[in-house]
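Reminder, nothing fancy here: chain letters follow the sequence lines and each chain counts from 1.
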Amino acid sequence: MTDSAPRDFIRQIIHDDLESGKHAGIVTRFPPEPNGYLHIGHVMSICLNFGVADETGGRTYLRFDDTNPGREDEEYVRAIKDDVRWLGFDWADRLTHASDYFGRLYEAAETLIGLGLAYVDSLSADEIREFRGTLTEPGKDSPFRDRSVDENLALFRRMRAGEFGDGELVLRAKIDMASPNINLRDPALYRIRHVTHQTTGDAWCIYPMYDFAHTLSDAFEGITHSLCTLEFEDHRPLYNWFLDVLQPPHRPRQIEFSRLNLAYTITSKRKLNALVTEKIVSGWDDPRMPTIAGMRRRGYPPTALRDFVRRAGVTKKDKLIEMGMLENCVREALGDPAPRRMAVLRPLRVVLTNYPEGQVETVQAANHPNDPSMGMRDVPFSRELWIEQDDFMEDAPRKFFRLKPGGEVRLRAAYIIRCDEVVKDADGNVTELRCTYDADTRSGEGGSDRKVKGTIHWVSAAHAIDAEVRLYDRLFNVANPNTADDFHEALNPASLECVAAKLEPALADAEAGVAVQFERLGYFCPDSGDDAPGARVFNRIVTLRDSWAKLEKQELAGQG
RNA sequence: UGGGGCGUAGCCAAGCGGUAAGGCAACGGGUUUUGAUCCCGUGAUUCGCAGGUUCGAAUCCUGCCGCCCCAGCCA
């Protein structure tokens, strides 16, 4: 992170502000509303806000934007803290809430009234909407717009005292009902809400609106750069208006960047919530969810997510990033550290007819082909084995170099075998392969350098551990389900497949959250929620790149 | 339609008047007891389009086109 080369326009601005002496240090904030779990889009914001502060020796506040009691919840603040920490960021003692400032916000509102820049409106919500005008027509002044300062102050104090019901009165900024920017047409500042707040309890019955609370919270905390997404660009004039008229000691600058959208996922909290409440997924941390909690449970390393948003970049252009980009980051993060193991997802029995019944030998397999320091492990080998159903084909195309009738294949870290006989059930399904092994070809020994086209993985039947393995696919079938009329129609019905797999014994001590590579298949880890000693459950984090699958697909397309 | 923003390869993205970085994907080839990894190599005569300024334009000017956001007492 050399600051000599800012990576994006925001870091450029920050770099310039430091250079010019405008700021001695950088202060940012990540301000989630605790009404849902954090998702991949938030990862961008978290990495940006904490990232620029870390890079410049600055500070970042984790501030809960809890200005709307009733729809916010403590469960979410706990989850948000977990997620930010897991991503690798530290807010130290800078954990705040917008509600920490309710007293000062109230005073600021009275100041605005005193300045003649805010008034209490008696119009109903519907009337206010009618008076607001439209995109092309200016709005009309409220008949209550010219109440005296004293009357406004008295009314506002009575609002605060609880003398009015929800929606009866509202405090509005007095700006310009004819502004082409609708946000400036006398926006609401305070509304009445007789609801118990999750942290301030019943101390208040009036609550500040986002624009007012957010701007001043930034100012109170001495935020230098308030980084938010593009949809708030239209709010910047209002943000600056508050700063202009109230003149707080610190003047933060709001800068907007585009959201990060991931193809085949949704990042709308409302829709994510629907997936949970409608039980379409098992919860906010379902491994198919684009939530941080879901990705963590799935087994994505935090470094992969940080790498991903770094590669995506910070700009103002709408982006819809391919899933392959994220998957590449995950594979890259796991490739070196993940030890290799063997597991058979869809077992097909293989009997070695020339291997002595009852005999068991131990073969040594490398824990990592590119890193000898990770050592070797023992793998039991015997007469009956499981191999992958996909690794056998009765009528194989020439380019298929796995097992076929009469053909040979190498068993990873063990022997070369030949398929002599295919056993089928009454329906013609292949149920067993009867093979012979070449005793001279044990890996690492004399004849082991004999070449065959393919190498497949296997597990000794007598020693296999049974496990449920959960195979995940994209949750949606369309690239941008955010824009679908009804996201339910875009759901991928095959986003989860559970298989009864056979694992090599070394997998017995696999730990939750620690990724291993099942050779030739992908990266997996025990599920942090459902894995248990007697009933192992593994998640597939991501598949390996599969150029055979690609080839197959092309052939199919060629035939079609 | 008023206002705000954005258009550089399939997806991201550098570029800041001097002749189009990089990543992902794709496609060739090499190594390989994971069809993985790794290693080489291949893409824009052109930057939404059209004009203009300039010796020189993705960069400056004008016009047009396309896409996104805004009419919550949500954030």
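Across B:U33, B:U34, B:A13, the shortest atom-to-atom separation from the side chain of A:Q517 is found for B:U34. Comparing B:G35, B:U37, B:U34 against the side chain of A:R402 picks out B:G35 as the nearest.
Nucleotides B:G2 and B:C11 place their C1' atoms 34 Å apart, quoted to the nearest Å. Rounded to whole Å, the C1' atom of B:U62 lies 24 Å from the corresponding atom of B:U19. Across B:C67 and B:G23, the matching C1' atoms stand 25 Å from one another, rounded to whole Å. On the P atoms, B:U37 is 10 Å away from B:A26, given to the nearest whole Å. A distance of about 13 Å separates the P atoms of B:A14 and B:A9, rounded to the whole Å. A gap of 9 Å separates the C1' atoms of B:C38 and B:U32, to the nearest Å. Rounded to the nearest Å, the gap between the P atom of B:C6 and that of B:G28 is 40 Å. Nucleotides B:G41 and B:A21 have their P atoms positioned 15 Å apart, rounded to a whole Å.
Distance, A:N480 CG to B:C68 P: 10 Å, rounded to whole Å. If you take NZ of A:K451 and P of B:U31, they are 11 Å apart, rounded to a whole angstrom. The nearest whole Å value for the distance from the CZ atom in A:R340 to the C1' atom in B:U33 is 14 Å. For the pair A:D371 CG and B:C38 P, the computed distance is 14 Å after rounding to whole Å. Atom P of nucleotide B:G4 and atom CH2 of A:W241 are separated by 20 Å, given to the nearest angstrom. The distance from atom CG of A:D390 to atom C1' of B:U34 is 15 Å, rounded to the nearest whole Å. For the pair A:K317 NZ and B:G4 P, the computed distance is 22 Å after rounding to whole Å. Rounding to whole angstrom units, CG of residue A:L544 and C1' of B:U34 are separated by 7 Å.
Not one side-chain nitrogen or oxygen of A:K453 sits closer than 4.0 Å to the OP1 or OP2 atom of B:G35. Taking side-chain N and O atoms only, A:T315 has a distance below 4.0 Å to OP1 or OP2 of B:A13. Remark: A:K319 is in phosphate contact with B:A13, judged by side-chain N or O atoms under 4.0 Å from OP1 or OP2. A close approach under 4.0 Å does not occur between any side-chain nitrogen or oxygen of A:K399 and OP1 or OP2 of B:G35.
Using a 4.0 Å heavy-atom criterion, one finds that A:E388 contacts no nucleic acid atom at all. Backbone-only contact: A:I321 has heavy atoms under 4.0 Å from sugar-phosphate atoms and none from a base. Within 4.0 Å of A:F518, counting heavy atoms only, lies no atom of the nucleic acid at all. A:A366 comes within 4.0 angstrom of nothing in the nucleic acid, heavy atoms only. Among the atoms of the strands shown, base atoms are found under 4.0 Å from some heavy atom of A:F401.
Inter-residue side-chain proximity for A:K269 and A:E33 is flagged as met; some heavy-atom pair is nearer than 4.5 Å. Residues A:R29 and A:L227 meet the side-chain proximity criterion, which asks for heavy atoms closer than 4.5 Å.
Between A:W458 and A:R412, the closest heavy-atom pair is NE1-O, 2.7 Å. Summarising the geometry of A:L38 relative to A:V84, their closest heavy-atom pair is CD2-CG2, 4.1 Å, with the distance given to 0.1 Å.
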- Query: Which is it for A:F9 and A:F257 under the ring-ring contact (aromatic ring centres under 6.0 Å, His included) test, yes or no, and what are the steps along the way?
  - Reply: CA-CA 9 Å; A:F9 78 100; A:F257 60 92; 8.1 Å; no
- Task: Check the pair A:R193, A:V195 against side-chain contact (heavy atoms from CB on, under 4.5 Å), reporting the backbone distance first and the verdict last.
- Result: CA-CA 6 Å; A:R193 195 147 293 187; A:V195 174; 3.5 Å; yes
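Checking side-chain atoms of A:D186 against main-chain N and O of A:I175 turns up a donor-acceptor pair under 3.5 Å. The closest donor-acceptor contact from the side chain of A:H214 to the backbone of A:P31 lies at 3.5 Å or more, if one exists at all. Side-chain N or O atoms of A:S443 include one that pairs as donor or acceptor with a backbone N or O of A:A414 at under 3.5 Å.
For B:A71, there is no paired base (Watson-Crick or G-U wobble, both distances below 3.5 Å). Under the Watson-Crick and G-U wobble criteria, each requiring two contacts below 3.5 Å, nucleotide B:A26 is paired to B:U42. Using Watson-Crick or G-U wobble geometry with both donor-acceptor distances under 3.5 Å, B:A20 finds no partner in any strand shown. Base pairing of B:G63 is made with B:C49, judged by Watson-Crick or G-U wobble geometry with both donor-acceptor distances under 3.5 Å.
Considering CD of A:E408 and CG of A:L403, their distance stands at 9.5 Å, rounded to 0.5 Å.
In terms of position on RNA chain B, the residue among A:A549 and A:S258 whose nearest nucleotide sits closer to the 5' end is A:S258.
Using a 4.0 Å cut-off between charged side-chain N and carboxylate O, A:E256 and A:R236 make a salt bridge. Using a 4.0 Å cut-off between a side-chain N of Lys or Arg and a carboxylate O of Asp or Glu, A:E388 and A:R402 do not qualify as a salt bridge.
You'll find a donor-acceptor pair under 3.5 Å spanning the side chain of A:S443 and the base of B:U33, going by distance alone. Residue-to-nucleotide contacts include a donor-acceptor pair under 3.5 Å from the side chain of A:R410 to the base of B:U33.
Between A:W284 and A:Y37, the ring planes lie parallel to each other; the angle is under 30°, not in the 30° to 60° tilted range.
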- Query: Reading nucleotides 69-75 of chain B 5' to 3', which nucleotides get B (base under 4.0 Å from a protein heavy atom), which S (sugar-phosphate only), which -?
  - Reply: BBBSBBB
For nucleotides 22-25 of chain B, which of its nitrogen or oxygen atoms have a protein nitrogen or oxygen under 3.5 Å away, and what is each distance?
residue, atom, partner, partner atom, Å
B:G23, O2', A:R311, NH1, 3.0
B:A25, OP1, A:R545, NE, 3.2
B:A25, OP1, A:R545, NH2, 2.3

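Base orientation at B:G7 is anti, since its O4'-C1' glycosidic dihedral falls outside 90° of 0.
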